[in-house]
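For reference, positions follow the sequence shown, starting with 1. Ligands are counted one by one from 1 in listed order, and the atoms in each one are counted from 1 as well.
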Amino acid sequence: MYLMNTYARANISFKSGCGATLFDDKGRDYIDFAAGIGVNALGYGHKKVVAAIKEQAENLIHTSNIYRIKPQEKLAKEISRQLGYKTYTFFCNSGAEANECAIKLARKYGAQNFKEKKYEIISLGNSFHGRTLATLQATGQDKFHPEIFAPYMDGFKFFNTIDDVLANIDDKTVGVMIELVQGEGGIKAFEKEAVKKLAKTLKERKLLLITDEVQCGVYRTGEFATSRIYGIKPDIITFAKGLGGGVGIGACVSRKSIFEPGDHGSTFGGNFLATSSGLATIKELKRLKNNGKLDEISAKFNAYLDDLVKKFPKIFEQKQGIGVMLGLVLHDGIKLPEIISLALKNRVLVLRSGAKTLRFLPPLNISKKEMKEGFARLNKALSEYEI
Ligand SMILES: *Cc1c(COP(=O)(O)O)cnc(C)c1O
């Protein structure tokens, strides 16, 4: 192997896919309840996404951002339209980069709007914000801050509850970064009232609310932005995973125009290919939302998971999450890696989240047939688990 040793990979490699089904190099089919960690929002080989990519690839894949890029401008406009209010978007290539952009925006805002510069970002315990040095430091889990990669960047702290965050805002604080539903931290959704209180307090103090919707955004929880479900309008939202329909993209979306030329940039960010794919993806997702299909799929998937909890009460404690960003919390002592490998053996793909949650992020257009087959396989896998 000539790759860096960064992942504990399963010994399996996929060759093609269709809908929510993947095929390995021996032609065996797998039902995908993971969608590449929520990336393949419309599954594999979606006609409209593939057509948009093909057409764009034939015309142009990339030009520099020193020229206007029409699909990038269109996608930024469409994001604002989907949110329902005016926004300014910076495109990059990943979730971590989108959060880096949000941190830089906050620092500039903190320098320009207060007598004494404010720069500190407060995040929440069990959050995950990325793997760059700044976003690692924004991540509210000590295991992401090993001494070996020190020194880390100044200007970050985290607290476990929204009340503790509010109690610890000080003169240096410029804003709060929060995943409304924590993707890596056990599929935990914050309480609506607490989030509203946080938004209100930050607004009163002219501080920034940054929602990291890299995983929970782009219809994953039922709306284009999870912040809409919470009834808030964050100052900054970051998106990535599902936004490109499988093509790498990140977006930092701000209600305020803060940057000027020279402040920030990205060679590949917002390129023709990624933004064309993104545009086709979010238009199709909006259509699924408007015709009721998305909510129907969500209700059905939730019902299947409720059944699993009922059927395997010794394994599962409860279901949690919103829309089709869902987790089944395991009882203490149940071995999560073993359940995931039993599922893989039965050819259904699931994910872990934190230490004790089985995570589900299926394609948002998964068919009834694939759901039925996937849950039949998962039932079989779970009945093979020995308590
Ligand atoms: C995945 C994820 C990130 C990091 O995204 P990358 O594209 O891997 O850099 C950041 N925040 C959240 C909430 C995520 O789920």
* Exceeds 12 heavy-atom contacts within 6.0 angstrom, atom CZ of Phe149 -> no

* Asked: Do other residues, nucleotides or ligands put more than 12 heavy atoms under 6.0 Å from Lys356 NZ?
  -> yes

* So which pairs with a foot in residues 271-281 pass side-chain hydrogen bond (donor to acceptor under 3.5 Å, both in side chains), sequence neighbours left out? -> Gln56-Ser276

* For residues 258-267, pull every pair meeting side-chain hydrogen bond (donor to acceptor under 3.5 Å, both in side chains), keeping only residues two or more places apart or in separate chains. => Asn93-Ser266, Lys104-His264, Lys108-Glu260, Lys108-Asp263

How does [X] reach ligand 1, by side chain, by backbone, by both or by neither, if only non-hydrogen atoms under 4.0 Å count?
X: His129; answer: backbone
X: Glu97; answer: neither
X: Thr135; answer: neither

* **Distance (rounded to the nearest 0.5 Å) between Glu78 CD and Lys283 NZ** => 5.5 Å

Ligand 1 atoms in contact with [X] (distance to a heavy atom under 4.0 Å):
X: Ala96; result: 4 (C), 5 (O), 6 (P), 9 (O)
X: Asn99; result: 10 (C), 11 (N)
X: Glu179; result: 13 (C)
X: Ser94; result: 7 (O), 9 (O)

* Is it possible for you to check whether Arg28 lies under 6.0 Å from the centre of the six-membered ring of Phe23, through NZ or CZ, and within 45° of that ring's axis? => no

* Charged tip of Lys188 within 45° of Phe190 ring normal and under 6.0 Å -> yes

* Structure fact -> atom 11 (N) of ligand 1: closest protein heavy atom, distance to 0.1 Å, is Asp212 OD2, 2.8 Å

* Report the nearest protein non-hydrogen atom to atom 2 (C) of ligand 1: residue, atom name, distance rounded to 0.1 Å. => Lys241 NZ, 2.5 Å

* Structure fact -> Min over Gly95, Gly38, Ala240 of heavy-atom distance to atom 5 (O) of ligand 1 lands on Gly95

* Asked: Would you call Lys15 and Asp24 a salt bridge, taking side-chain N to carboxylate O under 4.0 Å as the test?
  -> no

* Heavy-atom protein contact below 4.0 Å for atom 9 (O) of ligand 1 -> yes

* Can you check whether Gly130 has an N/O within less than 3.5 Å of an N/O in ligand 1? -> no

